[in-house]
Structure formats: C-alpha cells, structure tokens
Amino acid sequence: MQPAMTRASVEALKHLPTPVRPRIDASDIWVPDGYTVEPVVAGLSFPCALCIDPEDGTLFVAEGGSTWPTRPYMTPRIWRMAPGRDPEVFAVENLGGPRGMSVRDGYLYVSLKGGYNMRITRHDLTTRERVVLVDDLPSGGWHEPGGPIFGPHDGMMYFGNGSVALAGTVLPEGFTVDIAKHPHAHDVPGQDVTLTGNTVWARDPRLPFPYYAETGPFKPFGSPATKGEVIKGQLKCNSAVWRSRPDGSDLELLAWGIRNPYGLAFGEDGHLYATDNDMEEKGERAVGEDPDRIWRIRTAQLPPGEVREPEWFGYPDICGDGLPVWDDAHKPIRGKRAEPLIENPPPWAGPAAYLFEPHTALGKLAFSRSDTFGHRGKAFVCQFGTYAPLNTNREKHLRNGFQVVTVDFEAGTHEPFMRNHHGGPASATPGSGGLERPVDVAFHPDGRSLYVLDFGNNTANKSYVVAYAHTGVVWRITKR
Amino acid sequence: MDGTAPGHPQGPYVLNLAPESWEEHLDRASTWLANVVTTQVAFRQALEIAVPKIEEPNIRQFLSEMLDRARQHEEVAHELPRALGREAADGARSLAGVVMDVARKALDTVEGLAGGARGNWKDLHHLLLLNLDAMGAFAIAEQLGLALAHPGLRDLAWGVQAEKSTDQLILQELMLEMAAVSILYGERV
C-alpha cells in the first residue's frame with residue numbers, strides 16, 4: 001500500500017481511527033494571547049524532524065525508522081509539502097532513519113543514524129539525487145544526531161552525534177537499542193583520555209543465563225578497562241559537535257562530552273547552542289537530579305580550521321551543573337551510584353547557557369528572528385517530556401516537559417509557550433486532543449508562523465516505554 | 001512581511017488514516033493474526049501429547065501448568081482480531097491441526113539435537129521450538145498493535161508474550177537438564 005496524505009476536516013481529526021490517539025483538537029492546547037494553533041498533519045509515524053525551505057515555504061517532515069524505543073520500525077521517509085501542491089514522498093531513507101534536516105541553496109541536508117554509523121546526506125531538490133557527505137561517525141547506540149544546520153556567519157555546516165552509551169558505559173538497559181543489534185558499539189572520545197580503571201558490572205542480556213559481565217568506558221559491552229589505560233581521541237568520535245564545508249569536507253571537531261546534542265541552533269547573538277539531556281536515575285551507573293541543559297559552544301566563533309582543542313562538556317563524568325556524577329548532590333535514590341571513569345578529564349567547558357529541571361527531555365530548538373512573530377532573540381525549545389517513572393522514580397518529575405518553552409538567555413528565564421491546558425501529554429488527560437511530545441520546531445519565512453512537530457504517543461511506565469505509530473502531528477502556531 | 005511572502009502547505013492532512021486506508025490496514029493485520037492461533041494451537045497440542053508421557057513428577061508438574069497457560073493463551077489468540085473489530089479466521093482451529101502435523105513430521109526428521117535420542121526427551125526439544133514459534137507470533141501481534149496505535153491489541157499480545165518468554169526459559173532448562181541422561185543412558189523423562 002502506498003502512503004497517502006489526504007485532506008481532512010478539522011472536525012474529522014476529532015474522530016480518528018487510532019485508539020491511543022483518537023482525537024486531535026487544538027482547543028486543548030494553550031498558547032499565549034495573540035497566537036492561534038492548528039493541526040497541519042496527523043498520522044505520522046515517529047516523526048523526528050521538520051524544516052522549511054526559506055525560499056518558498058515548502059515544509060519537509062521526516063518520519064519513521066527505528067526510534068524510541070526501537071520497535072516497531074516504520075518506513076523512514078521524508079515528506080515534501082509545497083504550498084499549493086499535494087504532499088509527496090520526497091525520499092525514503094534506510095536503517096535507523098532521519099533525525100534532523102535543513103534546506104539550503106537547492107538541497108535538503110539530512111542527519112541519520114543506522115547500523116554502527118551516523119551520517120549526513122544531501123538530496124538535490126530538483127533531481128532528488130542523494131549523496132552521502134559525511135559517514136562513519138560512530139553510533140549504534142542510544143543518542144541522536146544533531147543538526148545539520150548552517151552557520152549564518154560562515155556558511156559552514158554544523159552537526160552533532162550523541163553518545164552510544166546511556167551513562168558512560170554500555171549497559172543492558174533496554175538492550176534492543178545497542179547490545180542486541182550493535183554488540184560492538186561503544187563511545188569514542190574526542191581527545192586522548194586516561195581511564196581510572198573503574199568498570200561497571202551488569203548481567204549480560206544476550207546470554208542464556210544470568211552471566212555477569214564487566215564493562216569499561218569507551219568499550220563494547222563486556223570489555224573491561226584497566227587503570228591507566230589510554231584511549232586515543234578521534235576526529236570521528238561521539239557525544240560531539242563538528243562543522244564542515246557544505247560538501248562535507250574539512251571536518252573539524254568543535255566539542256565533545258555532550259551526551260545528546262540533538263538540538264543545534266545559532267542565536268541572533270551569533271552563538272551556537274546545543275540542547276543536551278540529563279543522565280538517568282536507574283541501572284548500574286545511575287545519576288540523580290542531573291539537570292537538562294543548553295550548552296553554548298564557543299569554538300564555533302573561531303574561523304574554520306582554527307580550533308586547536310575541542311571543548312569538553314562533561315560526559316560521562318560531569319553533570320549539567322558542573323558537579324561530578326558521584327557528588328552527593330547527584331546520589332541516586334535508585335540504581336548503583338556512578339564512579340569516575342576518566343582519570344585526567346579535559347577542562348570543563350561549562351557552565352551551561354541554561355539549566356532546566358531534570359527529565360524535561362530537551363528536543364530541538366529554534367530562535368525567533370521576527371518582530372512580527374514576537375519573542376525576537378529568544379529560543380523556542382522543545383521539551384519532549386519525561387520518561388519517568390522509568391528514568392527516575394521521583395514523584396516530582398512525573399510531568400516534566402511536554403511543552404515548548406521560550407528561553408531568554410540574557411535574562412536567565414524561560415516561559416511556557418505551547419502546552420496542554422491540563423499540562424502533561426494529551427494521553428494523560430482522558431478526552432484531550434492536545435499535544436503529546438514536541439520534538440522539533442521551525443519558523444516559517446513569512447515571519448508570522450512557527451511549526452511544531454509532535455512525536456506522538458510514547459508512554460513510559462516503571463518498567464519500559466512504548467511508542468505508537470500513526471500518532472505524530474504537525475502543529476502550526478500563527479501570530480494573529 | 002509583504003504580500004509576496006512564501007505560502008504554507010494546506011491542510012489539515014491525515015496520513016493513511018482515511019477510512020479506506022485504515023480499514024485495509026486492519027484487514028491485513030487481522031488476516032495475519034490467524035497465524036497466532038495456528039502456532040499457539042500447535043504448541044498446545046504438542047503439550048497435550050507430551051504431558052501424559054512424562055514420568056518425572058516435577059517436569060510433569062511444570063508442563064501441566066504450562067498446558068493450562070497454553071489453553072488460556074490460545075483463547076487470547078482468538079481475541080486478537082476481535083480487538084481490531086474483526087472476527088477470527090474461520091479455519092484457524094482446523095488449520096492448526098494440519099500445521100501441527102506438518103511441524104511434527106518436520107521436527108521428527110531433524111537430525112539435530114534430538115537426533116538419535118531415545119525415549120521422550122525429544123518432546124521437550126519439540127516443545128521448545130513450537131513455543132518459540134508461537135511466542136514470536138504473539139510478539140509480532142504486539143508490533144502490529146504498536147503500528148496500528150492500538151493499545152488493546154498491544155497489551156493482549158504483550159501479556160502472553162511475557163508469559164511465554166518465561167515458559168521458554170523453563171522448557172530450555174528442562175531440556176538441557178535432562179539432555180545428558182537421555183542421550184547417554186537412554187533414560188526417559
């Protein structure tokens with residue numbers, strides 16, 4: 001069966017055939033006075049990215065692949081929705097699927113993960129020719145590509161690659177992400193590091209009986225580390241952010257130690273900002289009360305080719321607040337307390353540009369550059385929403401996130417901009433047709449509109465998380 | 001912006017949620033779900049054959065309890081298409097007998113683990129493979145529930161899948177525990 005987008009009435013969206021999300025209704029969503037919100041697309045499967053062509057307003061939406069959790073895999077494809085034309089499948093990707101997109105000068109640039117690699121591809125908007133620009137960035141684990149975006153000051157392409165490990169060592173938590181499919185996957189540092197020799201012991205879920213396995217940092221699961229062991233830093237590492245020319249050449253490492261640099265954006269102040277998610281309070285290397293954060297990457301200000309040392313933002317040993325993961329402030333109330341992994345850490349590049357409560361789960365971000373839309377200069381940040389009680393069992397974090405917030409970095413404040421009237425995801429309020437999990441945002445070139453991508457129903461309980469296909473939505477917020 | 005500002009995509013759109021598309025999804029899924037019944041019936045029938053032959057009291061107890069669960073799981077298998085508003089395929093129960101017979105013959109010819117073993121130990125090996133097949137079918141049903149945004153289907157299938165996963169461990173342990181004495185001494189289980 002060919003995928004088909006068909007027009008529907010707003011009323012029809014209140015009676016959908018998908019039992020877990022039977023109703024899409026913008027009236028259940030709060031936005032500030034002077035703005036309206038409306039649905040644009042419903043029925044997407046695990047959408048992770050959208051972008052808008054600044055030339056003609058065409059909307060691109062990426063969905064599918066193997067996401068969060070990994071099953072079921074749905075067709076990873078990119079939709080092109082041009083004004084005045086029927087939506088069409090622009091491209092079908094493969095493996096883990098697309099995670100980020102940008103349009104520039106007649107090309108669509110896409111970040112993907114799949115197998116053991118993360119990569120950047122480029123699609124010609126006219127011929128649809130697909131070229132792999134950057135490949136073999138080590139992946140096959142938990143965290144995500146970031147970007148690609150383009151520097152307004154230098155025209156360079158900026159992108160990120162999250163860590164393979166959940167918490168510094170590959171662990172059996174939700175092993176379908178890494179160990180089952182990618183047993184050789186591991187983190188790679190951006191600079192030479194000497195190990196403390198601390199390792200993590202865990203049951204090996206691959207074996208037919210509870211077999212105890214020892215794992216060190218920057219190693220595949222089941223590979224121990226020794227004290228004083230040196231792991232060589234690599235240009236193609238992970239938990240990292242790079243830039244290159246738009247054709248992928250002259251790759252330059254700007255930063256590493258960012259656990260999940262999923263959202264990248266340049267502010268009007270010219271700085272590069274990266275969202276990042278906290279460590280989790282569960283399992284064999286647990287960390288409590290690690291704040292979600294946005295980093296400011298200063299090396300992006302240097303001319304291309306001039307970065308002598310990449311910045312290090314702390315993963316896997318430093319929390320968002322600059323305290324080590326083994327500090328009493330981060331003592332977990334569940335799971336095994338973390339120990340130091342790196343003997344000679346590089347200088348910490350913090351403090352963070354902004355800290356949020358733990359477990360808001362930051363997605364992508366965009367800066368308002370429009371006086372008409374308002375909030376000019378502020379970042380619009382997706383808070384995907386917590387996986388508590390899975391990722392932490394602290395009652396106070398059960399409803400964190402599930403909204404889009406504006407961040408004023410200068411004032412050090414943030415405010416909700418889009419959320420459900422009752423807070424939390426729509427699925428937590430019976431009968432609600434509102435927002436589930438915002439994952440990406442993009443401003444339209446008309447200067448009046450913001451598009452918000454809603455991943456769909458993705459429900460966690462104390463033991464596991466599930467995600468339901470055909471529940472993703474694109475929302476549009478317009479300044480009246 | 002002036003009047004020449006780029007336009008917007010129209011909408012709203014639904015992706016594969018139009019009634020014709022969705023009904024076709026449900027039809028395809030419910031047709032496939034007959035496989036869950038088939039594989040589960042095959043496993044339950046194999047247990048019914050195996051249990052009376054078991055002499056070792058603890059193993060007999062384990063498998064008797066498993067048979068009780070298998071009958072419950074079979075009822076759930078029939079419920080799965082109904083969760084989607086469809087009736088179970090008419091031929092599912094009779095087809096299962098045919099499949100069981102075919103599977104049994106195929107397993108008997110396997111010169112693998114059970115090859116050359118005497119007595120009824122190879123029944124454990126057969127049960128292991130048949131439960132694996134049925135467990136996989138329930139797991140696929142769970143994936144269909146997730147793909148169709150249908151928590152009712154997903155939850156039904158997941159509950160059985162979880163119990164059958166435990167049963168698979170039990171069967172594996174019993175088969176391995178008894179392997180040596182069956183192969184070396186020809187002892188019955």
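All chains are named by letter (A, B, ...) in the order of the sequence lines, taking the proteins before the strands, and each is independently numbered beginning at 1.
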So for Leu44(A), is it side chain, backbone, both, or neither that comes closer than 4.5 Å to the heavy atoms of chain B? both
Measure from the ring center of Tyr464(A) to the ring center of Trp158(B) and say whether it is less than 6.0 Å. yes
Engaged part of Thr471(A) at the chain B interface, taking heavy atoms whose separation is under 4.5 Å: side chain
For the candidates Gly84(A), Ala82(A), Pro83(A), which exhibits the highest count of non-hydrogen atom pairs separated by less than 4.5 Å from chain B? Pro83(A)
For a quick test of reading the model, state the closest non-hydrogen atom pair linking Pro6(B) to Asp446(A) and the distance between them. O-CB, 4.2 Å
Write down the atom of Leu15(B), the atom of His470(A), and the distance for their closest heavy-atom approach. O-CD2, 4.1 Å
Looking at chain A, which one of Pro12(B), Gly11(B), Gly7(B) has the largest number of heavy-atom pairs inside 4.5 Å, strictly under? Pro12(B)
Less than 4.5 Å to any heavy atom of chain B: does that hold for the side chain of Pro22(A), its backbone, both, or neither? neither
Against chain A, residues from residues 138-148 of chain B with at least one heavy atom under 4.5 Å, in numeric order, are Gln143(B), Gly145(B), Leu146(B), Ala147(B), Leu148(B)
Audit row: His150(B), Val20(A), side chain to side chain contact (heavy atoms under 4.5 Å, CB included) steps and yes/no: CA-CA 6 Å; His150(B) 204 298; Val20(A) 80; over 6 Å; no
For each of Arg21(A), Met81(A), Met74(A), tally heavy-atom pairs with chain B at distances under 4.5 Å, and name the one with the top tally. Met81(A)
For chain B, which candidate among Glu55(A), His444(A), Arg476(A) shows the most heavy-atom pairs at distances under 4.5 Å? His444(A)
Could you tell me if Arg7(A) sits above the aromatic ring of Tyr13(B), with its cationic atom closer than 6.0 Å to the ring centre and no more than 45 degrees from the axis? yes
Pick from Leu59(A), Val40(A), Thr18(A), Asn457(A) with the largest number of heavy-atom pairs that fall under 4.5 Å of chain B: Val40(A)
